[in-house]
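The figures that follow rest on heavy atoms only: side chains count, while hydrogens, waters and symmetry mates do not.
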Amino acid sequence: MSRRAIALIDVNNFYVSCERIFNPHLEGKPVVVLSNNDGCAVARSNEVKALGVKMGQPWFQLKDLARKHNIIAYSSNYTLYADMSHRVMTILNMFSPRQEIYSIDECFLDLTGFSNLAQYGQDIRQTIKQWTGLPVCVGIAATKTQAKLSNHIAKKFPQLDGVCDFTAMSAFEQDIWYKRIEVGEIWGIGRRLAPKLHQYGIQNVYDLKCASPIIMRNKFSVVMEKIIRELNGTSCIELEEVTPKKEIVCSRSFGVRVTQLSELEEAVSLYMRRASEKLRRQRSYAGAVSVFINTSRFNKPQENYWNETTIPLPTHTDSTILLTKTALWGLRRIYRRGFEYQKAGVRLSGLVNAQTRQTDLFGLLPKGYTSQELIEVVDHINHRMGTGTIRLTSEGMQQGWMMKREKISQEYTTNWDELLCVP
DNA sequence: TCTGGGGTCCTAGGACCC
DNA sequence: TCTGGGGTCCTAGGACCC
């Protein structure tokens with residue numbers, strides 16, 4: 001049996017690269033994409049990284065730097081990014097029978113049994129570049145943790161031409177790389193664990209690879225043990241091809257501070273419609289509804305209020321009407337007058353599929369709220385005519401609390417009215 | 001003035017059961 | 001003065017990821 005080979009493919013600076021495809025003059029210039037509400041930098045071009053801008057840095061702190069270096073900022077255009085992601089994943093699916101889509105811009109492919117892997121990695125890169133215009137890097141190794149690491153190396157060391165293949169290296173050669181990389185770069189080692197590892201004298205990847213998995217499991221957790229074993233080439237994290245979500249969250253910060261219950265009700269209604277659309281798309285039913293509201297965590301302590309409530313449902317459901325009614329009931333329970341709310345959200349949990357779902361044996365749910373025909377018709381119309389064409393009036397009409405997106409680009413690939421025009 | 005959103009996994013501790 | 005033990009389930013909180 002041939003040794004396992006896992007590839008991790010990841011789009012470089014994904015959101016920025018999407019914007020550059022349709023705006024080639026952005027090439028070579030410092031570009032950032034901002035989070036919702038134009039709050040923080042969530043994607044940075046290499047030029048911006050070179051200026052020292054950190055991931056998640058608030059945009060208002062960057063205004064001076066941006067003026068000085070002509071940094072170009074965009075609001076997040078998730079419609080565009082989701083469509084480009086779908087194209088990339090569809091292409092990557094052609095390169096292996098087993099694919100795990102790990103995030104909007106990353107996927108694992110099982111290349112076990114394939115030969116000439118470094119060249120195969122180059123083929124992947126060139127195909128994605130030619131068919132979508134997006135630049136990707138490829139890391140190949142025996143385990144997922146190693147593949148993440150080799151992808152990181154492919155990105156950081158240009159002489160590798162975007163592909164790093166650990167499977168073609170001796171253990172000695174791998175260790176040379178491991179000694180050059182900070183332990184905090186490892187998948188699963190974050191900002192809390194890295195300093196703790198430093199206390200044990202573990203500075204780079206090689207140090208952790210040589211640590212005892214048993215001792216480290218006792219000092220940390222089973223997660224740490226798996227990381228160490230994976231670094232040594234023993235696979236502990238499986239490739240997961242289809243994974244329905246175990247919970248679905250929809251939340252947003254508001255464009256302005258909100259004080260009125262009626263406005264929170266509108267927002268919660270909208271978020272619940274979004275969440276229940278996602279729920280039905282993965283063909284699940286929710287067992288519980290949570291709703292949460294909070295003020296800004298940067299407020300003075302006495303002006304701060306945070307609360308969340310979870311309401312179990314009498315029986316699993318995917319009905320927008322019932323889920324929204326439940327969420328609004330919960331919202332009224334946790335709402336307190338006199339606070340300036342910055343954010344609200346909903347969470348669907350206890351998700352089951354149609355096979356494991358318990359049906360409404362005692363007729364606890366009002367029929368009008370859960371009519372399958374009604375739900376299907378509404379979804380169908382919204383799919384054809386655009387999301388929100390049919391919605392509950394509780395979402396409101398003004399929506400003055402809606403988030404800010406002042407620098408958004410066009411929906412180049414999903415909206416006939418916003419296609420790219422070439423003069 | 002302005003500070004994102006959506007997920008997963010693990011552990012500890014409490015409630016409850018026999 | 002003595003005051004079990006072991007199991008499951010649930011939740012909150014912490015850590016991580018992109």
Side-chain angles (χ1 to χ4, degrees), chain A residues 8-15 32-44 53-64 66 73-76 78 81-82 85 100-108 144-145 148 151-152 183-197 217-227 236-238 240 243-257 267 271 274-275 278-279 282 287-288 290 292 294-299 306-310 312 340 342-351 403-407:
Chain A
L8 178 76
I9 300 98
D10 154 307
V11 183
N12 306 343
N13 314 330
F14 179 53
Y15 299 166
V32 291
V33 174
L34 304 175
S35 61
N36 282 332
N37 264 320
D38 299 341
C40 303
V42 290
R44 303 156 295 155
V53 174
K54 296 277 171 272
M55 178 69 177
Q57 209 170 339
W59 175 237
F60 75 90
Q61 290 176 1
L62 295 170
K63 289 273 168 69
D64 287 342
Y74 281 90
S75 304
S76 299
Y78 283 105
Y81 310 151
S85 171
E100 174 184 341
I101 297 173
Y102 178 67
S103 76
I104 193 162
D105 73 327
E106 267 177 65
C107 95
F108 292 99
K144 285 168 88 172
T145 304
K148 289 282 286 188
N151 179 283
H152 171 80
V183 74
E185 298 290 343
I186 298 172
W187 190 38
I189 308 293
R191 64 196 164 89
R192 297 291 165 95
L193 288 177
K196 273 180 99 175
L197 288 168
R217 179 193 178 129
N218 290 333
K219 291 205 193 310
F220 294 86
S221 78
V222 66
V223 179
M224 185 65 79
E225 180 187 2
K226 286 182 180 176
I227 290 171
C236 305
I237 308 170
E238 285 307 308
E240 291 170 29
T243 42
K245 297 271 171 276
K246 295 173 179 173
E247 55 180 41
I248 292 170
V249 179
C250 185
S251 73
R252 295 281 184 283
S253 300
F254 303 125
V256 293
R257 295 287 183 261
Y271 303 158
R274 293 271 165 80
K278 269 193 214 171
L279 181 74
Q282 71 164 37
S290 307
F292 53 91
N294 56 260
T295 54
S296 168
R297 62 198 164 95
F298 300 98
N299 279 1
W306 174 94
N307 209 344
E308 169 162 3
T309 183
T310 300
E340 296 194 328
Q342 176 248 348
K343 181 176 175 179
V346 300
R347 181 196 322 274
L348 298 175
S349 55
L351 306 192
M403 67 182 178
K404 277 189 300 201
R405 296 157 97 198
E406 287 169 354
K407 309 162 194 297

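- Here A:Arg257 reaches the OP1 or OP2 of B:dC2: one of its side-chain N or O atoms lies under 4.0 Å away.
- Contacts of A:Ile104 with the nucleic acid, taken as non-hydrogen atoms under 4.0 Å apart, are absent.
- At the heavy-atom level, A:Ile189 lies under 4.0 Å from the strands shown only through sugar-phosphate atoms.
- Along DNA chain B, the nucleotide nearest A:Val223 and the nucleotide nearest A:Ser296 are compared for position; the residue whose nucleotide lies closer to the 5' end is A:Ser296.
- Not one N or O on the side chain of A:Ser76 forms a donor-acceptor pair closer than 3.5 Å with the backbone of A:Tyr78.
- For the pair A:Lys148 and C:dC18, the criterion of a side-chain N or O lying under 4.0 Å from OP1 or OP2 is met.
- Checking the phosphate oxygens (OP1, OP2) of B:dC10, a side-chain nitrogen or oxygen of A:Lys226 falls inside 4.0 Å.
- The closest donor-acceptor contact from the side chain of A:Ser85 to the backbone of A:Ile104 lies under 3.5 Å.
- Taking 4.0 angstrom as the limit, A:Gln342 places a side-chain polar atom (N or O) nearer than this to OP1 or OP2 of B:dG4.
- No hydrogens or angles considered: nothing links the side chains of A:Asn37 and A:Ser35 as a donor-acceptor pair under 3.5 Å.
- Figure legend. B:dC9 is base-paired to C:dG14; pairs are counted as Watson-Crick or G-U wobble with both atom distances under 3.5 Å.
- Listed nucleotides B:dT3, C:dA15, B:dG7 differ in distance to A:Arg192; the shortest reach to its side chain belongs to C:dA15.
- For A:Lys278 and B:dG7, the shortest distance from a side-chain N or O to OP1 or OP2 is below 4.0 Å.
- Note: CZ (A:Phe14) to P (B:dG5) measures 19 Å, nearest angstrom.
- Qualifying salt bridge (Lys or Arg N to Asp or Glu O under 4.0 Å) partners for A:Asp38, counting only residues two or more places apart in sequence or in other chains: none.
- At B:dG5, one or more side-chain N or O atoms of A:Lys343 fall inside 4.0 Å of OP1 or OP2 (strictly under the cut-off).
- One finds no side-chain N or O of A:Arg274 lying less than 4.0 angstrom from the OP1 or OP2 phosphate oxygen of B:dG5.
- Taking atom P on both nucleotides, B:dT3 is separated from C:dC17 by 25 Å, rounded to a whole Å.
- An OP1 or OP2 oxygen of B:dG5 is reached within less than 4.0 angstrom by no side-chain nitrogen or oxygen of A:Ser76.
- Using modelled atom types, one finds no donor on one side chain facing an acceptor on the other under 3.5 Å when comparing A:Glu340 with A:Thr295.
- Put simply, CG on A:Asn299 is 12 Å from P on B:dT1, counting in whole angstrom units.
- Counting only heavy atoms from C-beta on, A:Val222 has its side chain closest to B:dT11 among B:dT8, B:dT3, B:dT11.
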